[in-house]
K.L.:
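Just passing along the structure, written as structure tokens.
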Amino acid sequence: DTAVSQTPKYLVTQMGNDKSIKCEQNLGHDTMYWYKQDSKKFLKIMFSYNNKELIINETVPNRFSPKSPDKAHLNLHINSLELGDSAVYFCASSQDYELNEQFFGPGTRLTVL
Amino acid sequence: GQNIDQPTEMTATEGAIVQINCTYQTSGFNGLFWYQQHAGEAPTFLSYNVLDGLEEKGRFSSFLSRSKGYSYLLLKELQMKDSASYLCAVETNAGKSTFGDGTTLTVKP
């Protein structure tokens, strides 16, 4: 059973396109996250939701819009993709938003051409 | 803001012990986490410290000194499969985790 799953695993697209990445967790956790890991392997928090409410919103271009239809899902929509958006995007979840280990999904490797 | 420092790379020999240090400067400290990330894979949780002292989990131990803004991850009886990146992450009382840039450990035979 996959605890945190993401689709797609790979995404190759042209500049200017709009794309979405989906994330689902079956752990019954309350908190979900999106991270971006660039080519230098720096892992940066983008967003965090707790019980479908946005609790962390880092300095991310407003082309990125997360949506949490329920606490088991956190999707990421990206408008007008740019070359600099190329990275691996990880979804993660934790029981609660404080002092809980995070469980990461397998990542989505986005390549913008 | 937060500042987290870890060495970029380390090399050690199979069977040996290695210590990976992490120093941080932050406000509203909640706890410190260590994650392991193999190349091309997702990070996986190793340990976390909230109070000062040593937490031991099998071959891995993590230490924290809150007053010094310092933690280390100790790996004993190194195995080849321990070659990976080790990420130190500081959680603040906003529930936000900030990751260090990671230490790439190479274990040699």
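Below, chain A is the first sequence line, B the second, and so on; all start at residue 1.
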K.L.:
Check for me, please, whether A:F64 and A:M32 land in the same ILVMFWY cluster - side-chain distances under 4.5 Å, paths through other members count.
P.N.:
yes

K.L.:
According to a hydrophobic-cluster definition based on side-chain heavy atoms being under 4.5 Å apart (Ile, Leu, Val, Met, Phe, Trp, Tyr only), do A:L81 and A:L83 belong together?
P.N.:
yes

K.L.:
Are B:L32 and B:L87 connected, step by step, through hydrophobic side chains (Ile, Leu, Val, Met, Phe, Trp, Tyr) whose heavy atoms are closer than 4.5 Å?
P.N.:
no

K.L.:
Between B:G40, B:P43, B:A42, which shows the greatest number of heavy-atom pairs under 4.5 Å with chain A?
P.N.:
B:P43

K.L.:
Do other residues, nucleotides or ligands put more than 12 heavy atoms under 6.0 Å from the CD atom of B:Q79?
P.N.:
yes

K.L.:
Kindly state each residue pair satisfying disulfide bond (SG atoms under 2.5 Å apart) with at least one member in residues 21-102 of chain A, sequence neighbours excluded.
P.N.:
A:C23-A:C91

K.L.:
Side-chain heavy atoms nearer than 4.5 Å, only ILVMFWY residues, links allowed to pass through others: does that put B:F63 and B:L74 together?
P.N.:
yes

K.L.:
If you count heavy-atom pairs under 4.5 Å between each of A:V88, A:L43, A:I45, A:L99 and chain B, which one has the most?
P.N.:
A:L99

K.L.:
I'd like a table of the N/O donor-acceptor pairs between chain B and chain A - cut-off under 3.5 Å, distance only.
P.N.:
from	atom 1	to	atom 2	distance (Å)
B:N30	ND2	A:E98	OE2	3.3
B:Y35	OH	A:Q102	N	2.9
B:Q37	OE1	A:Q37	NE2	2.9
B:Q37	NE2	A:Q37	OE1	2.9
B:E91	OE1	A:L99	N	3.0
B:E91	OE2	A:L99	N	2.8
B:K96	NZ	A:E58	OE1	3.1
B:K96	NZ	A:E58	OE2	3.3
B:S97	OG	A:Q102	NE2	3.4

K.L.:
Which atoms of B:L46 come close to chain A, meaning under 4.5 Å heavy atom to heavy atom: side chain ones, backbone ones, both, or neither?
P.N.:
neither

K.L.:
B:V50 and B:F99: same hydrophobic cluster, using ILVMFWY side-chain contacts below 4.5 Å?
P.N.:
yes

